[in-house]
Amino acid sequence: MKRVRFAPSPTGYLHLGNARTALFNYLFAKHERAILILRIEDTDLERSKKEYEDMLIEDLKWLGISWEEGPDVSGNFGPYRQSERVDIYKKYVQKLIEEGHAYYCYCSEEELELEREKAISEGRAYRYSGKCRNLTPEDRKVYEEKRIKPTVRFKVPDKIVVFEDIIRGVVEIDTKEFGDFVIVRKDGIPVYNFVVVIDDALMNISHVIRGEDHLSNTPKQIVIYEALGFDIPKFAHLPIILGEDRTKLSKRHGAVSVRALKDEGYLPEAVFNALSLLGWHPKEEKEILSKEEIFNQFRLEDVNSSPAIFDRTKLRWMNGVYIREIISLDDLTKRATEFFEGFGYIANFEYYRKVMEAIRDSIETLLDIKERGRVFFVDETIFSEEVIKEVRLEENFYRVVQTFYEKVKDRETLSKEEFKSITKEIQKELNIKGKALFHPLRIALTGESSGVGLDLLVDVIGAERTKLRLRRFLEYFG
RNA sequence: GGCCCCAUCGUCUAGCCUGGCCUAGGACACCGGCCUUUCACGCCGGCGACACGGGUUCGAAUCCCGUUGGGGUCACCA
């Protein structure tokens with residue numbers, strides 16, 4: 001059975017880069033009928049918070065990603081939170097020490113800092129000197145008596161680590177590139193590069209699918225696998241996602257969390273679709289794909305190895321496609337409700353539904369409802385300086401509105417069909433058509449020079465409110 | 001800086017592994033037009049790329065080497 005995992009550290013909202021990693025693990029799992037595990041990497045006690053874990057899970061679910069094992073669903077390989085696995089790690093640290101693969105290091109941070117600075121000033125890369133590598137029991141006793149808390153370092157064998165990455169092919173790295181590294185901190189908490197190996201091995205992970213930023217860590221992990229006699233999983237390092245300035249996507253690139261996208265009115269289906277196309281593409285030249293279509297075709301071998309810049313413009317477009325073509329009107333209205341309410345546009349579901357029907361063709365995110373939707377809820381129209389000038393200057397402007405008002409003032413109803421026939425009449429009578437006819441009406445009814453089709457607008461707001469707005473316009477300019 | 005990874009339109013990408021079907025295809029964005037008595041949607045068209053230099057070959061976007069550029073990583077963070 002193939003088993004994969006997504007292992008975020010709960011230090012903030014689900015970042016887009018991590019979301020993409022989670023997504024590709026999910027796609028692989030679906031395609032291969034593998035088990036997906038959610039593991040929380042919270043060994044950094046200072047930055048990790050339970051609230052973040054909850055948000056992470058919430059965001060993942062919102063995106064449409066599900067997993068078979070994890071802290072919220074349990075499973076046979078738990079616990080799934082690293083902070084709860086400390087005893088397990090201790091056991092393996094002990095084993096490494098006993099078998100001579102690891103040793104206690106009493107060097108102080110100041111001491112190491114000095115070595116590091118020296119290395120940098122001499123223009124070479126810093127590597128731990130190995131000073132404590134061969135301490136005698138007597139040496140250790142001296143340190144212990146001074147109450148110096150040691151770290152544990154892994155005794156890195158001198159070799160060239162070779163592994164085959166599914167996405168990148170053969171990668172070779174000399175272990176000289178990193179000296180004996182710390183696997184347990186002074187405070188007794190083991191470090192990422194060590195625990196990730198223990199967890200992946202004990203959880204029977206067959207494929208480690210993660211970001212390229214972990215590529216250079218991989219050899220460190222491989223030597224630990226070897227020391228412990230564990231089977232080494234297959235690795236697939238996904239290309240990293242860059243911001244528009246071509247550096248790794250991070251907070252300073254603005255809204256880059258899944259949560260931010262949600263708040264900006266993006267639909268999870270669109271985000272899922274767009275994210276899956278970042279570094280991967282289907283055989284056919286089709287970009288709007290359902291979840292099933294994506295995971296039926298997804299193969300790690302087809303993932304690109306070059307980094308991609310995240311382009312919001314395309315996401316926006318794709319979100320628009322989902323809004324107007326993919327999601328049903330009822331469903332869309334349900335999802336839009338909280339946005340309507342957030343903007344102070346209060347009405348019942350039926351009314352929201354009508355508004356959505358009228359505006360869905362002209363919005364790309366649910367946040368766009370704020371602008372496009374206003375005219376359906378606010379009857380008070382504000383006329384800008386420019387508009388006022390325009391109305392006074394254009395001789396037919398006022399007349400068009402007045403004529404229209406004369407024709408609707410006694411009406412009880414005003415459907416879009418009725419609106420069309422009335423404007424047709426005006427066209428004949430005043431010999432005015434097109435923009436010259438509709439623009440004045442649009443200004444009178446909305447105060448804006450662009451927006452949804454006027455037939456749809458009057459159909460939704462009805463005869464009374466249409467007349468009210470017209471009267472206000474006529475009074476204002478009369 | 002050392003090491004590692006990467007390199008096709010502005011952006012996402014197809015093609016590369018298994019050289020000729022490539023006069024390099026698609027999508028977003030942008031520009032123009034059509035449809036529409038208004039706004040959108042939609043449709044049609046245009047703009048636009050193999051980073052550079054050497055090889056190998058009858059033939060290179062595709063294979064090899066170098067240069068340049070970009071990114072990642074070098075912690076008692078994950």
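Letters A, B, ... mirror the listed sequences (proteins, then strands); counts begin at 1.
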When the distance from [atom1] of [X] to [atom2] of [N] is rounded to whole Å, what number comes out?
{"X": "Lys220(A)", "N": "rC4(B)", "atom1": "NZ", "atom2": "C1'", "answer": "13 Å"}
{"X": "Tyr104(A)", "N": "rC76(B)", "atom1": "OH", "atom2": "C1'", "answer": "15 Å"}
{"X": "Asp187(A)", "N": "rA75(B)", "atom1": "CG", "atom2": "P", "answer": "18 Å"}
{"X": "Ile241(A)", "N": "rU13(B)", "atom1": "CD1", "atom2": "C1'", "answer": "15 Å"}
{"X": "Asp213(A)", "N": "rA78(B)", "atom1": "CG", "atom2": "C1'", "answer": "9 Å"}
{"X": "Ile183(A)", "N": "rC77(B)", "atom1": "CD1", "atom2": "P", "answer": "13 Å"}
{"X": "Gln221(A)", "N": "rC77(B)", "atom1": "CD", "atom2": "C1'", "answer": "14 Å"}
{"X": "Glu113(A)", "N": "rC76(B)", "atom1": "CD", "atom2": "P", "answer": "10 Å"}

Can you pull every protein N or O that's under 3.5 Å from an N or O on nucleotides 43-52 of chain B?
none

How would you summarise protein contacts on nucleotides 33-39 of chain B per nucleotide, using B for base, S for sugar-phosphate only and - for none, with heavy-atom distances below 4.0 Å? ----BBB
What is the per-nucleotide protein-contact pattern of nucleotides 6-12 of chain B, from the 5' end, where B denotes a base atom under 4.0 Å from a protein heavy atom, S denotes such proximity for sugar-phosphate atoms only, and - denotes neither? SS---SB
Could you please name the partner base of [N], counting Watson-Crick and G-U wobble pairs only when both distances are under 3.5 Å?
{"N": "rA7(B)", "result": "rU68(B)"}
{"N": "rU37(B)", "result": "none"}
{"N": "rU56(B)", "result": "none"}
{"N": "rG2(B)", "result": "rU73(B)"}
{"N": "rG32(B)", "result": "rC44(B)"}

Closer than 4.0 Å, any side-chain N/O of Arg185(A) to the OP1 or OP2 of rC77(B)?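 For rC77(B), OP1/OP2 do have a side-chain N/O of Arg185(A) under 4.0 Å.
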Work out how far the [atom1] atom of [N] is from that of [M], and round it to whole angstrom.
{"N": "rC28(B)", "M": "rC22(B)", "atom1": "P", "answer": "23 Å"}
{"N": "rG2(B)", "M": "rG20(B)", "atom1": "P", "answer": "37 Å"}
{"N": "rU62(B)", "M": "rG66(B)", "atom1": "P", "answer": "16 Å"}
{"N": "rC31(B)", "M": "rU67(B)", "atom1": "P", "answer": "43 Å"}
{"N": "rC34(B)", "M": "rG72(B)", "atom1": "P", "answer": "48 Å"}
{"N": "rA60(B)", "M": "rG54(B)", "atom1": "P", "answer": "13 Å"}
{"N": "rC12(B)", "M": "rA29(B)", "atom1": "P", "answer": "15 Å"}
{"N": "rA24(B)", "M": "rG48(B)", "atom1": "C1'", "answer": "12 Å"}

For Arg324(A) and Val171(A), find the nucleotide of RNA chain B closest to each by heavy atoms; which residue's nucleotide sits nearer the 5' end?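 Whichever sits nearer the 5' end wins; that is Val171(A).
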In terms of the nearest nucleotide of RNA chain B, which residue is placed more toward the 5' end: Tyr192(A) or Lys283(A)?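 Its nucleotide being nearer the 5' end, the pick is Lys283(A).
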Can you identify which nucleotide, out of [options], has its nearest atom closest to the [X] side chain?
{"X": "Glu325(A)", "options": "rA78(B), rG42(B), rU73(B)", "result": "rG42(B)"}
{"X": "Leu215(A)", "options": "rA29(B), rC5(B), rG72(B)", "result": "rC5(B)"}
{"X": "His281(A)", "options": "rU73(B), rA14(B), rG26(B)", "result": "rA14(B)"}
{"X": "Arg127(A)", "options": "rC4(B), rG71(B), rC74(B)", "result": "rC74(B)"}

Report yes or no: is the cationic atom of Arg140(A) (NZ for Lys, CZ for Arg) under 6.0 Å from the centre of the six-membered ring of Tyr104(A), at an angle within 45° of the ring normal?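 Judged by the rule, Arg140(A) and Tyr104(A) form no cation-pi pair.
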Quick one: is the NZ or CZ of Arg20(A) closer than 6.0 Å to the six-membered ring centre of Phe24(A), and within 45° of its axis?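 Verdict for Phe24(A): a cation-pi partner in Arg20(A).
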Just checking [X]: base, sugar-phosphate only, or nothing, at a heavy-atom cut-off of under 4.0 Å?
{"X": "Arg116(A)", "answer": "sugar-phosphate"}
{"X": "His214(A)", "answer": "base"}
{"X": "Thr43(A)", "answer": "sugar-phosphate"}

Answer with yes or no whether the side chains of Glu406(A) and Thr403(A) bring together a donor and an acceptor at under 3.5 Å.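 On atom types as modelled, these side chains do not qualify, holding no pair under 3.5 Å.
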Using the ring-ring contact (aromatic ring centres under 6.0 Å, His included) criterion, which residues pair with [X]? Sequence neighbours excluded.
{"X": "Trp317(A)", "result": "none"}
{"X": "Phe163(A)", "result": "Phe235(A)"}
{"X": "Phe340(A)", "result": "Tyr352(A), Phe377(A)"}

Return the set of residues passing side chain to side chain donor-acceptor pair (under 3.5 Å) with [X] (not counting sequence neighbours), or none when no residue passes.
{"X": "Asp302(A)", "value": "Arg299(A)"}
{"X": "Tyr103(A)", "value": "Asp180(A)"}
{"X": "Lys286(A)", "value": "Glu293(A)"}

Sole residue of Asn25(A), Thr218(A), Asn217(A) in side chain to side chain donor-acceptor pair (under 3.5 Å) with Arg210(A):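 Going through the options one by one, the only one that passes is Thr218(A).
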Could you go through residues 447-462 of chain A and list every donor-acceptor pair under 3.5 Å that involves a side-chain atom there, pairing it with any protein atom two or more places apart or in another chain?
from: Glu448(A); atom 1: OE2; to: Arg374(A); atom 2: NH1; distance (Å): 3.0
from: Asp459(A); atom 1: OD1; to: Lys416(A); atom 2: N; distance (Å): 2.8

By side-chain contact (heavy atoms from CB on, under 4.5 Å) - contacts of Ala227(A) (at least two apart):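 Partners of Ala227(A) by the side-chain contact (heavy atoms from CB on, under 4.5 Å) criterion, ordered by chain and then number, come out as Leu96(A), His101(A), Phe154(A).
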So among Thr466(A), Leu430(A), Leu437(A), which one has a side-chain contact (heavy atoms from CB on, under 4.5 Å) with Phe404(A)?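 Single pass found, and it is Thr466(A).
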Determine which pairs satisfy salt bridge (charged side-chain N to carboxylate O under 4.0 Å, His left out) with at least one residue from residues 429-446 of chain A, sequence neighbours left out, and list them in order.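 For residues 429-446 of chain A, and leaving out neighbouring residues, the salt bridge (charged side-chain N to carboxylate O under 4.0 Å, His left out) pairs sorted by first residue read Lys407(A)-Glu429(A).
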